[in-house]
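One structure is given below, encoded as structure tokens.
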Amino acid sequence: MENRKGDYNAHCLILPYPIQGHINPMLQFAKRLRHKRIKITLAVTKFLFNTMQEFPDFVSMETISDGFDEGGRAHAGSLDEYLERFSLIGAKTLMELLEKLKNLDCAIDCIIFDPFLSWGFEVAKKSGLLGALFFTQSCAVDNIYYHVYTGKLKLPLSDSEIVIPGLPPLEPKDMPSVIYIHESHPAALKMLVNQVKHLGEADWTFVNSFYELEQEVIDSMAKFSSVKTIGPTIPSMYIDKQLQDDKEYGLSVFKPIADACKKWLDERTPHSVIYVSFGSLAELGLEQMEELAKGLIASNKYFLWVVRASEESKLPKNYAEESSEIGLIVSWCPQLEVLAHDAVGCFITHCGWNSTLEALSLGVLMVAMPCWTDQSTNAKFVNDVWKTGIRTRPDENGIVRNTEIVRCVELVMDRDEGKEIRRNAIKWKEMAREAVDKGGSSDTNIDEFVSALMNPPI
Ligand code: UDP
């Protein structure tokens, strides 16, 4: 067994909400801590553990229960029911786990908790441990939720221009979707907004972002919380292909089709491929799927499209076969490897925060097609603030037509009007790398945390 003095300096328990977009960044943060001689235990639900396709080798895995060991979230009647049971049974099983580790002489020093599971902080405090909050969304979005939580931003919103300190003026289309559908989805609003419940109280507040990217909002948030950016949480090899030490990416809910994607991309010329993915959760309507399918053909470029198994039936009949000369459709890919591949010229993305940050950090141009939650806010920043991509314009029925897809792809990849976007993409890629390099803003924040763990106040 590893020894506290010899092999590691402190022991953190990572507690993610069991979805891909939350596990990935928390696990990558864990990897950075591991490099700095912090032992990591990853606590996941039994159901997730039993369905994982890939396991990381740099953490100890332990399970807790969400009360739905056989089916996870899908077996709960509602989100409310799931969260309530998870909070009761999760807290109980987490306490038992802490006790077990203590008895094995492997006690935890700090719980790094996903704010969807804010009870993780309460368990930490009950057990006399440090509690570190880990936001998996941008600071801009966390700031919006803070203003709703504290009642500074009252719902329903009445203005067409929304002014929040630290953020550019926002229109309704730029706001997280839950703000507008809160009456029909009260549980979702509560879960998202309650993420800030322990802001200001937690011993540490981490965000998967970097200071230079969100300087204004971070400075503004400093009035109520000291937010520490530690991102982008991307394995170093993808940021600097010279560094080959970080091989595996982690814990995957879906099985990536890795070899076929790589082989196919290797056969394409640089910047010739459109990569398309809507992440692990978003679902497109049938009509939208058809327009996208048409748009990809009409773009007359190669495309690699991730269509999850649950979305496959929405593809036009025989589409995969009929488009096979220019397109490859897979159910899941190793996205970072794909984005880091020279063949990729642009990314049609739903603008999930991880995908946005990954594309930005790897210098990939984005065509933003936000679907829900925070994706609209991320798309606003991609289009108007960082200017590393373009946001598609849906028609009056909310559908992004095939002609619009072609227009946006051509603009970022080929047209003169896209020059500034292409320049910005290179600039942000460099800044992302600087942030995580030794002495960069994120690296310094991580070092501060590690040093505090190693020298706890007596
Ligand atoms: N991802 C992947 N392979 C795919 C599609 C997505 O590895 O085929 C990863 C992607 O790199 C990202 C995560 O899944 O880290 C999706 O997170 P994001 O926040 O972008 O979207 P969400 O799934 O939460 O909507």
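Position 1 is the first residue of the sequence; numbering continues from there. Counting starts at 1 for both ligands and their atoms, following the listed order. Keep in mind the model is a prediction, meaning the values are calculated, not measured.
Close approach of ligand 1 to N24 (heavy-atom distance below 4.0 Å) involves ligand atoms 9 (C), 12 (C), 13 (C), 14 (O), 15 (O). When each atom of ligand 1 is checked for a heavy atom of W353 under 4.0 Å away, the hits are 19 (O). Of all atoms in ligand 1, listed by their number and element, those nearer than 4.0 Å to a heavy atom of S280 are 22 (P), 23 (O). Each of the following atoms of ligand 1 lies closer than 4.0 Å to a heavy atom of H350: 20 (O), 21 (O), 22 (P), 25 (O). Taking a cut-off of under 4.0 Å to the non-hydrogen atoms of G21, the atoms of ligand 1 that pass are 17 (O), 24 (O). For ligand 1, the atoms closer than 4.0 angstrom to any heavy atom of Q20 are 14 (O).
By heavy-atom distance, the residue among S331, C371, S355 lying nearest atom 16 (C) of ligand 1 is S355. When the heavy-atom distances from atom 8 (O) of ligand 1 to C351, G352, C333 are ranked, the shortest goes to C333.
Taking the six-membered ring where the residue is Trp, the centroids of H198 and F121 are separated by under 6.0 Å. The six-membered or imidazole ring of F68 lies away from that of F47, with a centre-to-centre distance of 6.0 Å or more.
The aromatic rings of F224 and H147 stand perpendicular to each other, their planes meeting at an angle above 60°, with 30° marking the opposite boundary.
Among the atoms of S277, none of the N or O lies under 3.5 angstrom from an N or O of ligand 1. Ligand 1 has no nitrogen or oxygen under 3.5 angstrom from a nitrogen or oxygen of P334.
Using a 4.0 Å cut-off between charged side-chain N and carboxylate O, R423 and E420 make no salt bridge.
Side-chain N or O atoms of T93 include one that pairs as donor or acceptor with a backbone N or O of G90 at under 3.5 Å.
Figure legend: cation-pi geometry between R268 and Y302, with NZ or CZ positioned under 6.0 Å from the six-membered ring centre and within 45° of its axis.
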